[in-house]
2 protein chains.
Amino acid sequence: MPRRPQSEAAWAAKRQQIITAAIGEFARRGFHATKMEHIADAAGIGKGTIYEYFATKDELFLAVYDYWMDTYEAAMQRAADEHRGDPLATADALIETAIAFYQEHAAYAPILLEFWAHALRSDDPHFLERIQQMKQTLGAIGARVASELIASGAFRKVDTASFAQLELGISDGIFLHWVLDGQRYNLHDAYRFRQAVIGAGLMRPMLRRMLESKITKRLTSGFLNSNAPGARSKRSR
Amino acid sequence: MPRRPQSEAAWAAKRQQIITAAIGEFARRGFHATKMEHIADAAGIGKGTIYEYFATKDELFLAVYDYWMDTYEAAMQRAADEHRGDPLATADALIETAIAFYQEHAAYAPILLEFWAHALRSDDPHFLERIQQMKQTLGAIGARVASELIASGAFRKVDTASFAQLELGISDGIFLHWVLDGQRYNLHDAYRFRQAVIGAGLMRPMLRRMLESKITKRLTSGFLNSNAPGARSKRSR
DNA sequence: ATAGTACGACTGACCAGTCGGTCGGCAAAA
DNA sequence: TTTTGCCGACCGACTGGTCAGTCGTACTAT
């Protein structure tokens, strides 16, 4: 982390400008194939200038990583806060936020995978810790919603922490396979299908009976044949 | 793919020897950090010799990838065949096989992630096609089991293809998060928890009522506090 | 003037892939 | 049986190209 002269704000802004450019380049080409010059070009600055703000390429990578995690975490936190007190609405909002984020960043999936690989292998524990911190944060949100759903009588009793972590894994798994499948189907539909499976299992009889026909419809129609838009189908009904 | 002299068998054996060495090195260091010399050393041969069997580093990477996929696919296929006719047993066997494979190859998770990233980015469609082929194969197995479960009256009606693909995503997601979590908990327990959630949702009332107490137990105890062995707990009961 | 900032040509390290040479084994000749 | 000659698997020093990071210069603002 080099010196930090001029105004604090200007420094941070330029740093951010570099991070933004780096995200795009890293995503398009991958960490190793991305040359510092590419990033400099994308940011409209000279290569040397990057080194005024980041000591090494690795440090820049890490900054990109942090920035991304922060963004996602903040979006989810906001979604959770907006509906505080209404667990069903919160659950919906969380899912919608996650889907939106995933769809928006589908092109970044390769770099996300590289992040994970890097984190698992790196000597620098920062990467892994950052992931676990995020899992912690999101897990806490999920567990809170789950316990509210249980308290309200909508859900049967579950270990909420386990359930929340499972959900995080499932979410990433669905996203990953959706990308690996060439975004062939509608991500919303896949999530809804998943929700129907889980919902059918965890809802208390009363709620389940209420939603039975919707669940049945989702379960029997699946998501694979949905109108394959890579994204942009805010409300597919 | 260079010439293929001597006996076919000897050629294949040496090729395999290189692949085996490469798996370990790629897994430990990652694709980019692994030098051809490392692989040569690990295989106990000279660097130049590798190029008698593989034209480029990429081609070797791809061979490693194929080998791995083949192994997994074959194991799953075998598990499915062994219990043909008994869908519940087949489902169990598939899950056990998947868990065993995942646990055995936990150290290779980073390279699996790199594979995926590479597949998504590579100009060579082989990688992505190979993944999709595997999803196809495993998906067909899963769909068959699901439809048998439905036919037998154990499961409610679902779109079996969607369900199978969802399961593949979920499996990978759980595995991924288990690894990212430092293999802190027992993978078996996580899968059982998942099964309980799904089972509770899809089982027909009769079966569900029969298994109710087991499901309740799994759902309420979760998997996060399980006796954290990274692997080796064949039957934790 | 001068301190802070930007730059990009340059350097040194690195590494995939090459290529000329070695050597063990085998078969034909002696 | 021994000698000679050949083959091709094997090797690793070397090459050519690449790129992260440096540094002397130039610009800008005060």
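Remark: Asp189(B) engages Arg192(B) in a salt bridge, criterion side-chain N to carboxylate O under 4.0 Å.
For the 3.5 Å distance criterion, the side chains of Tyr191(A) and Asn186(A) fail to qualify, holding no donor opposite an acceptor. Looking only at atom types and distance, the side chain of His188(B) has a donor-acceptor partner in the side chain of Glu96(B) under 3.5 Å away.
In the set dG21(D), dA16(C), dC11(D), the nucleotide with an atom closest to the side chain of Lys57(B) is dA16(C). For Ile45(A), counting side-chain heavy atoms from C-beta on, the closest listed nucleotide (dG21(D), dC7(C), dA16(C)) is dC7(C). The side chain of Tyr51(B) lies closest to dG17(C), out of dG17(C), dC10(D), dG21(D). Among the nucleotides dG21(D), dG17(C), dC11(D), the one closest to any side-chain atom of Thr56(A) is dG21(D).
Spacing between atom CG of Leu60(B) and atom C1' of dG17(C) amounts to 13 Å, rounded to whole angstrom units. Note: CD1 (Ile18(A)) to C1' (dC7(C)) measures 13 Å, nearest angstrom. Atom CG of Asp41(B) is separated from atom P of dG12(D) by 9 Å (rounded to the nearest Å). Separating the CD1 atom of Ile39(B) from the C1' atom of dA16(C) is a distance of 11 Å, rounded to the nearest angstrom. When rounded to the nearest whole Å, the span between CD of Glu52(A) and P of dA3(C) equals 17 Å. Atom CZ of Phe61(B) is separated from atom C1' of dA16(C) by 16 Å (rounded to the nearest Å). One atom, CD1 of Ile50(B), and another, P of dG12(D), lie 12 Å apart when rounded to the nearest Å.
Contact between Lys57(A) and Phe31(A) at its shortest, heavy atoms only, is NZ-O, 2.9 Å.
Residue Tyr53(A) places at least one side-chain N or O closer than 4.0 Å to OP1 or OP2 of dA6(C). Taking 4.0 angstrom as the limit, Thr49(B) places none of its side-chain polar atoms (N or O) nearer than this to OP1 or OP2 of dA9(D).
Of the candidates Val64(B), Asp66(B), Asp58(B), Leu62(B) forms a side chain to side chain contact (heavy atoms under 4.5 Å, CB included) with just one, namely Asp66(B).
When ring centroids are compared, Phe115(A) and Phe61(A) come within the 6.0 Å threshold.
Within residues 28-38 of chain A, the residues approaching DNA chain D are Thr34(A), Lys35(A), Met36(A), by heavy-atom distance under 4.0 Å.
Nucleic acid contact for Lys47(A): base, since at least one base atom lies under 4.0 Å from a heavy atom of the residue.
Shown here is Gln136(A), whose CD atom has no more than 12 heavy atoms of other residues, nucleotides or ligands within 6.0 Å.
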